[in-house]
**Q** 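Structure incoming, see below.
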Amino acid sequence: MNEPIIKFDKVVKRFGDVTVLDALDFEVGKGEKVTIIGPSGSGKSTVLRILMTLETINEGVIHVAGKPLWHQYKDDALVPASQEHLREMRKEMGMVFQQFNLFPHMTVRRNVTEAPIHVLGLSKEKANQRAEEYLELVGLSDQADKFPSKLSGGQQQRVAIARALAMRPNIMLFDEPTSALDPELVGEVLTVIQRLAQEHDLTMLLVTHEMQFAKQISDRVCFFDKGRIVEEGPPEQVFTEPREERTQEFLKAFLNPA
Ligand SMILES: Nc1ncnc2c1ncn2[C@@H]1O[C@H](COP(=O)(O)OP(=O)(O)OP(=O)(O)O)[C@@H](O)[C@H]1O
(Lines give C-alpha, C1' and ligand atoms only; values in the text may rest on other atoms or scores of the structure.)
Protein backbone atom coordinates (compact mmCIF):
# COMPACT_ATOMS: atom_id res chain seq x y z
CA MET A 1 0.00 0.00 0.00
CA ASN A 2 1.14 3.56 -0.69
CA GLU A 3 1.39 5.84 2.32
CA PRO A 4 -2.07 5.93 3.95
CA ILE A 5 -4.26 8.90 3.07
CA ILE A 6 -6.98 7.63 5.43
CA LYS A 7 -6.15 6.07 8.77
CA PHE A 8 -8.58 5.02 11.49
CA ASP A 9 -6.98 4.21 14.87
CA LYS A 10 -9.22 2.36 17.31
CA VAL A 11 -12.26 4.36 16.27
CA VAL A 12 -15.42 3.80 18.29
CA LYS A 13 -18.81 5.06 17.17
CA ARG A 14 -21.92 4.55 19.23
CA PHE A 15 -25.53 5.47 18.62
CA GLY A 16 -27.04 5.37 22.11
CA ASP A 17 -26.26 1.92 23.52
CA VAL A 18 -25.39 0.46 20.14
CA THR A 19 -21.71 0.25 19.23
CA VAL A 20 -21.59 0.66 15.46
CA LEU A 21 -17.79 0.85 15.03
CA ASP A 22 -15.91 -1.23 17.51
CA ALA A 23 -12.32 0.01 17.92
CA LEU A 24 -11.92 0.05 14.15
CA ASP A 25 -8.43 0.11 12.64
CA PHE A 26 -8.58 0.82 8.93
CA GLU A 27 -6.26 2.31 6.33
CA VAL A 28 -6.58 3.36 2.72
CA GLY A 29 -3.48 4.10 0.67
CA LYS A 30 -3.09 7.13 -1.56
CA GLY A 31 -4.72 6.36 -4.91
CA GLU A 32 -6.08 3.05 -3.68
CA LYS A 33 -9.60 1.90 -4.67
CA VAL A 34 -11.19 0.13 -1.72
CA THR A 35 -14.64 -1.43 -1.54
CA ILE A 36 -16.48 -2.10 1.69
CA ILE A 37 -19.01 -4.92 1.66
CA GLY A 38 -20.99 -6.45 4.50
CA PRO A 39 -24.42 -7.08 5.94
CA SER A 40 -26.98 -4.37 6.56
CA GLY A 41 -26.20 -2.45 9.73
CA SER A 42 -22.54 -3.48 9.88
CA GLY A 43 -21.36 0.15 9.87
CA LYS A 44 -20.34 0.60 6.23
CA SER A 45 -22.14 3.90 5.61
CA THR A 46 -21.12 5.15 9.02
CA VAL A 47 -17.44 4.92 8.02
CA LEU A 48 -18.09 7.18 5.02
CA ARG A 49 -20.33 9.59 6.93
CA ILE A 50 -17.69 9.98 9.64
CA LEU A 51 -15.07 10.78 6.99
CA MET A 52 -17.38 13.35 5.42
CA THR A 53 -17.80 14.85 8.93
CA LEU A 54 -21.53 14.09 8.90
CA GLU A 55 -21.18 11.95 12.04
CA THR A 56 -18.86 12.45 15.00
CA ILE A 57 -16.75 9.75 16.64
CA ASN A 58 -16.75 8.75 20.31
CA GLU A 59 -13.20 7.44 20.68
CA GLY A 60 -10.04 6.99 18.68
CA VAL A 61 -8.35 9.18 16.07
CA ILE A 62 -8.74 9.47 12.31
CA HIS A 63 -6.06 10.95 10.08
CA VAL A 64 -6.78 12.18 6.57
CA ALA A 65 -3.87 13.28 4.40
CA GLY A 66 -1.63 13.21 7.48
CA LYS A 67 -3.82 15.51 9.57
CA PRO A 68 -6.23 14.54 12.34
CA LEU A 69 -9.81 14.81 11.07
CA TRP A 70 -11.89 15.11 14.20
CA HIS A 71 -9.08 16.63 16.27
CA GLN A 72 -6.49 19.31 15.97
CA TYR A 73 -3.22 19.99 17.71
CA LYS A 74 -3.05 22.58 20.44
CA ASP A 75 0.32 22.87 22.21
CA ASP A 76 1.19 19.34 21.01
CA ALA A 77 -2.01 17.89 22.47
CA LEU A 78 -4.94 16.58 20.43
CA VAL A 79 -8.10 18.52 21.16
CA PRO A 80 -11.52 18.29 19.47
CA ALA A 81 -11.55 19.96 16.04
CA SER A 82 -13.00 23.42 15.56
CA GLN A 83 -15.64 24.05 12.90
CA GLU A 84 -12.98 25.83 10.86
CA HIS A 85 -10.66 22.79 10.99
CA LEU A 86 -13.53 20.51 9.94
CA ARG A 87 -14.39 22.83 7.04
CA GLU A 88 -10.79 22.71 5.82
CA MET A 89 -10.55 18.93 6.18
CA ARG A 90 -13.83 18.41 4.30
CA LYS A 91 -12.15 19.80 1.17
CA GLU A 92 -10.10 16.60 0.95
CA MET A 93 -13.26 14.59 0.27
CA GLY A 94 -16.23 14.40 -2.06
CA MET A 95 -19.18 12.14 -1.41
CA VAL A 96 -21.82 10.58 -3.62
CA PHE A 97 -24.94 9.40 -1.81
CA GLN A 98 -27.48 6.72 -2.56
CA GLN A 99 -30.20 9.38 -3.04
CA PHE A 100 -28.30 11.79 -5.33
CA ASN A 101 -29.16 14.78 -3.02
CA LEU A 102 -29.09 17.34 -5.85
CA PHE A 103 -30.49 20.82 -5.21
CA PRO A 104 -33.92 20.51 -6.91
CA HIS A 105 -34.39 24.25 -7.51
CA MET A 106 -31.06 24.67 -9.35
CA THR A 107 -30.10 23.71 -12.87
CA VAL A 108 -27.55 20.98 -13.41
CA ARG A 109 -24.88 23.62 -14.08
CA ARG A 110 -25.64 25.48 -10.85
CA ASN A 111 -25.63 22.26 -8.88
CA VAL A 112 -22.04 21.78 -10.02
CA THR A 113 -20.86 25.41 -9.67
CA GLU A 114 -22.47 26.24 -6.31
CA ALA A 115 -19.79 24.84 -3.98
CA PRO A 116 -16.75 25.85 -6.09
CA ILE A 117 -18.08 29.46 -6.03
CA HIS A 118 -19.24 29.62 -2.41
CA VAL A 119 -16.77 27.31 -0.69
CA LEU A 120 -13.63 27.64 -2.83
CA GLY A 121 -14.25 31.22 -3.91
CA LEU A 122 -13.96 30.56 -7.66
CA SER A 123 -15.28 33.19 -10.07
CA LYS A 124 -18.51 32.31 -11.85
CA GLU A 125 -16.61 32.00 -15.10
CA LYS A 126 -14.00 29.60 -13.70
CA ALA A 127 -16.69 27.56 -11.95
CA ASN A 128 -18.66 27.30 -15.22
CA GLN A 129 -15.53 26.07 -17.01
CA ARG A 130 -15.05 23.45 -14.33
CA ALA A 131 -18.70 22.42 -14.56
CA GLU A 132 -18.31 21.93 -18.33
CA GLU A 133 -15.21 19.81 -17.80
CA TYR A 134 -16.85 17.49 -15.27
CA LEU A 135 -20.23 17.31 -16.99
CA GLU A 136 -18.38 16.19 -20.09
CA LEU A 137 -16.54 13.56 -18.06
CA VAL A 138 -19.87 12.08 -16.91
CA GLY A 139 -21.39 12.43 -20.39
CA LEU A 140 -23.93 15.14 -19.59
CA SER A 141 -22.65 18.29 -21.33
CA ASP A 142 -25.97 18.63 -23.15
CA GLN A 143 -28.06 18.61 -19.94
CA ALA A 144 -26.50 21.60 -18.14
CA ASP A 145 -29.57 23.86 -18.35
CA LYS A 146 -32.08 21.30 -17.15
CA PHE A 147 -33.43 20.89 -13.64
CA PRO A 148 -32.77 17.58 -11.85
CA SER A 149 -36.44 16.53 -11.99
CA LYS A 150 -36.18 16.40 -15.79
CA LEU A 151 -33.36 13.83 -15.65
CA SER A 152 -33.41 10.08 -15.14
CA GLY A 153 -32.05 8.66 -11.87
CA GLY A 154 -28.87 7.55 -13.65
CA GLN A 155 -28.34 11.03 -15.06
CA GLN A 156 -28.99 12.63 -11.67
CA GLN A 157 -26.43 10.37 -10.07
CA ARG A 158 -23.91 11.30 -12.76
CA VAL A 159 -24.55 14.99 -12.01
CA ALA A 160 -23.93 14.22 -8.34
CA ILE A 161 -20.59 12.67 -9.30
CA ALA A 162 -19.66 15.74 -11.40
CA ARG A 163 -20.68 17.99 -8.50
CA ALA A 164 -18.41 16.14 -6.08
CA LEU A 165 -15.51 16.12 -8.57
CA ALA A 166 -15.82 19.85 -9.23
CA MET A 167 -14.42 20.46 -5.74
CA ARG A 168 -11.29 18.56 -6.87
CA PRO A 169 -11.14 16.34 -3.80
CA ASN A 170 -8.29 13.89 -3.29
CA ILE A 171 -10.68 11.26 -1.96
CA MET A 172 -14.05 10.20 -3.37
CA LEU A 173 -16.55 8.41 -1.16
CA PHE A 174 -19.40 6.49 -2.79
CA ASP A 175 -22.22 5.26 -0.56
CA GLU A 176 -24.20 2.63 -2.46
CA PRO A 177 -24.37 4.93 -5.50
CA THR A 178 -26.55 2.60 -7.58
CA SER A 179 -28.91 1.08 -5.05
CA ALA A 180 -31.70 3.65 -5.59
CA LEU A 181 -31.61 3.18 -9.37
CA ASP A 182 -33.79 1.10 -11.65
CA PRO A 183 -31.72 -1.85 -12.85
CA GLU A 184 -31.45 -0.55 -16.42
CA LEU A 185 -29.81 2.68 -15.17
CA VAL A 186 -27.15 1.07 -12.98
CA GLY A 187 -24.71 0.40 -15.84
CA GLU A 188 -24.26 4.03 -16.91
CA VAL A 189 -23.32 5.09 -13.38
CA LEU A 190 -20.94 2.18 -12.86
CA THR A 191 -19.27 2.97 -16.19
CA VAL A 192 -18.56 6.53 -15.03
CA ILE A 193 -17.17 5.34 -11.70
CA GLN A 194 -15.06 2.73 -13.44
CA ARG A 195 -13.62 5.32 -15.81
CA LEU A 196 -12.76 7.52 -12.84
CA ALA A 197 -11.06 4.61 -11.14
CA GLN A 198 -8.98 3.76 -14.19
CA GLU A 199 -8.06 7.20 -15.43
CA HIS A 200 -7.55 9.24 -12.27
CA ASP A 201 -5.24 8.86 -9.33
CA LEU A 202 -8.09 9.64 -6.94
CA THR A 203 -8.38 7.61 -3.78
CA MET A 204 -11.77 5.89 -3.84
CA LEU A 205 -13.74 4.33 -1.02
CA LEU A 206 -16.91 2.64 -2.14
CA VAL A 207 -19.75 0.93 -0.29
CA THR A 208 -21.68 -1.26 -2.68
CA HIS A 209 -23.70 -4.40 -3.11
CA GLU A 210 -22.61 -4.68 -6.75
CA MET A 211 -20.16 -7.52 -6.20
CA GLN A 212 -19.19 -7.98 -9.84
CA PHE A 213 -18.39 -4.29 -10.07
CA ALA A 214 -16.45 -4.34 -6.81
CA LYS A 215 -14.40 -7.20 -8.24
CA GLN A 216 -13.56 -5.19 -11.34
CA ILE A 217 -12.55 -1.87 -9.85
CA SER A 218 -11.14 -2.57 -6.39
CA ASP A 219 -7.54 -2.96 -5.36
CA ARG A 220 -8.85 -4.27 -2.04
CA VAL A 221 -12.16 -5.47 -0.64
CA CYS A 222 -12.99 -5.18 3.07
CA PHE A 223 -15.72 -7.33 4.55
CA PHE A 224 -17.31 -5.58 7.52
CA ASP A 225 -19.40 -7.20 10.19
CA LYS A 226 -20.56 -5.66 13.46
CA GLY A 227 -18.32 -2.62 13.09
CA ARG A 228 -15.09 -4.48 12.44
CA ILE A 229 -13.17 -5.69 9.43
CA VAL A 230 -13.55 -9.44 9.45
CA GLU A 231 -11.55 -10.04 6.29
CA GLU A 232 -9.79 -7.99 3.65
CA GLY A 233 -7.73 -8.67 0.58
CA PRO A 234 -7.60 -8.43 -3.19
CA PRO A 235 -11.04 -9.01 -4.76
CA GLU A 236 -10.04 -12.30 -6.40
CA GLN A 237 -9.18 -13.69 -2.96
CA VAL A 238 -12.12 -12.32 -0.94
CA PHE A 239 -14.74 -13.20 -3.54
CA THR A 240 -13.48 -16.56 -4.69
CA GLU A 241 -11.60 -17.93 -1.71
CA PRO A 242 -12.90 -16.17 1.39
CA ARG A 243 -11.01 -17.41 4.44
CA GLU A 244 -13.46 -16.45 7.16
CA GLU A 245 -16.68 -18.32 7.76
CA ARG A 246 -18.68 -15.11 8.15
CA THR A 247 -17.48 -13.85 4.76
CA GLN A 248 -18.34 -17.21 3.17
CA GLU A 249 -21.85 -17.13 4.66
CA PHE A 250 -22.44 -13.53 3.60
CA LEU A 251 -21.33 -14.11 0.03
CA LYS A 252 -23.30 -17.36 -0.22
CA ALA A 253 -26.48 -15.70 1.03
CA PHE A 254 -25.86 -12.74 -1.22
CA LEU A 255 -25.25 -14.72 -4.36
CA ASN A 256 -28.06 -17.22 -3.67
CA PRO A 257 -30.80 -15.21 -1.93
CA ALA A 258 -33.61 -17.35 -0.46
N1 LIG B 1 -28.24 8.55 13.01
C2 LIG B 1 -28.40 7.34 13.55
N3 LIG B 1 -29.01 7.19 14.75
C4 LIG B 1 -29.13 5.97 15.32
N5 LIG B 1 -28.67 4.84 14.78
C6 LIG B 1 -28.05 4.92 13.60
C7 LIG B 1 -27.89 6.17 12.92
N8 LIG B 1 -27.21 5.93 11.75
C9 LIG B 1 -26.99 4.60 11.71
N10 LIG B 1 -27.48 3.99 12.80
C11 LIG B 1 -27.39 2.55 13.12
O12 LIG B 1 -26.02 2.18 13.01
C13 LIG B 1 -25.89 0.89 12.44
C14 LIG B 1 -24.96 0.95 11.26
O15 LIG B 1 -25.55 1.73 10.23
P16 LIG B 1 -24.90 1.89 8.81
O17 LIG B 1 -25.83 2.72 7.99
O18 LIG B 1 -23.50 2.33 8.92
O19 LIG B 1 -24.93 0.39 8.27
P20 LIG B 1 -24.63 -0.17 6.84
O21 LIG B 1 -23.66 -1.28 7.01
O22 LIG B 1 -24.26 0.92 5.90
O23 LIG B 1 -26.05 -0.79 6.43
P24 LIG B 1 -26.87 -0.76 5.05
O25 LIG B 1 -26.19 -1.74 4.13
O26 LIG B 1 -28.23 -1.24 5.47
O27 LIG B 1 -26.87 0.64 4.55
C28 LIG B 1 -27.31 0.41 12.12
O29 LIG B 1 -27.73 -0.40 13.17
C30 LIG B 1 -28.11 1.69 12.08
O31 LIG B 1 -29.44 1.46 12.44
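Here the structure is a predicted model, which is why all the values come from computation and not from measurement. We count ligands from 1, going down the list as the structure has it; atoms in each ligand are counted the same way.
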**Q** Determine which pairs satisfy ring pair (Phe, Tyr, Trp, His ring centres under 6.0 Å) with at least one residue from residues 183-242, sequence neighbours left out, and list them in order.
**A** H209-F254, F223-F250

**Q** Looking at E27 and K7, does any basic side-chain N land under 4.0 Å from a carboxylate oxygen?
**A** yes

**Q** Check the side chains of Q237 and E231 for a donor-acceptor pair under 3.5 angstrom, ignoring hydrogens and angles.
**A** yes

**Q** Taking NZ, NE, NH1 and NH2 as the nitrogens, is one of them in R14 or E59 under 4.0 Å from a carboxylate oxygen of the other?
**A** yes

**Q** F100 ring centre to R163 NZ or CZ under 6.0 Å, with the angle to the axis within 45°?
**A** no

**Q** Closer than 4.0 angstrom, basic N to acidic O: yes or no for E236 and K215?
**A** no

**Q** When you check ligand 1 against the protein, what N or O pairs turn up below 3.5 Å? List the atom names and distances, or just say none.
**A**
| residue | atom | partner | partner atom | Å |
| --- | --- | --- | --- | --- |
| ligand 1 | 18 (O) | S45 | N | 3.4 |
| ligand 1 | 18 (O) | T46 | N | 2.9 |
| ligand 1 | 18 (O) | T46 | OG1 | 2.5 |
| ligand 1 | 19 (O) | G43 | N | 3.4 |
| ligand 1 | 21 (O) | G41 | N | 3.4 |
| ligand 1 | 21 (O) | S42 | N | 3.0 |
| ligand 1 | 21 (O) | S42 | OG | 3.3 |
| ligand 1 | 21 (O) | G43 | N | 3.1 |
| ligand 1 | 21 (O) | K44 | N | 3.1 |
| ligand 1 | 21 (O) | K44 | NZ | 2.8 |
| ligand 1 | 22 (O) | S45 | N | 2.9 |
| ligand 1 | 22 (O) | S45 | OG | 2.8 |
| ligand 1 | 23 (O) | G41 | N | 2.8 |
| ligand 1 | 25 (O) | K44 | NZ | 2.8 |
| ligand 1 | 25 (O) | E176 | OE2 | 3.3 |
| ligand 1 | 26 (O) | S40 | OG | 2.6 |
| ligand 1 | 27 (O) | E176 | OE2 | 3.3 |

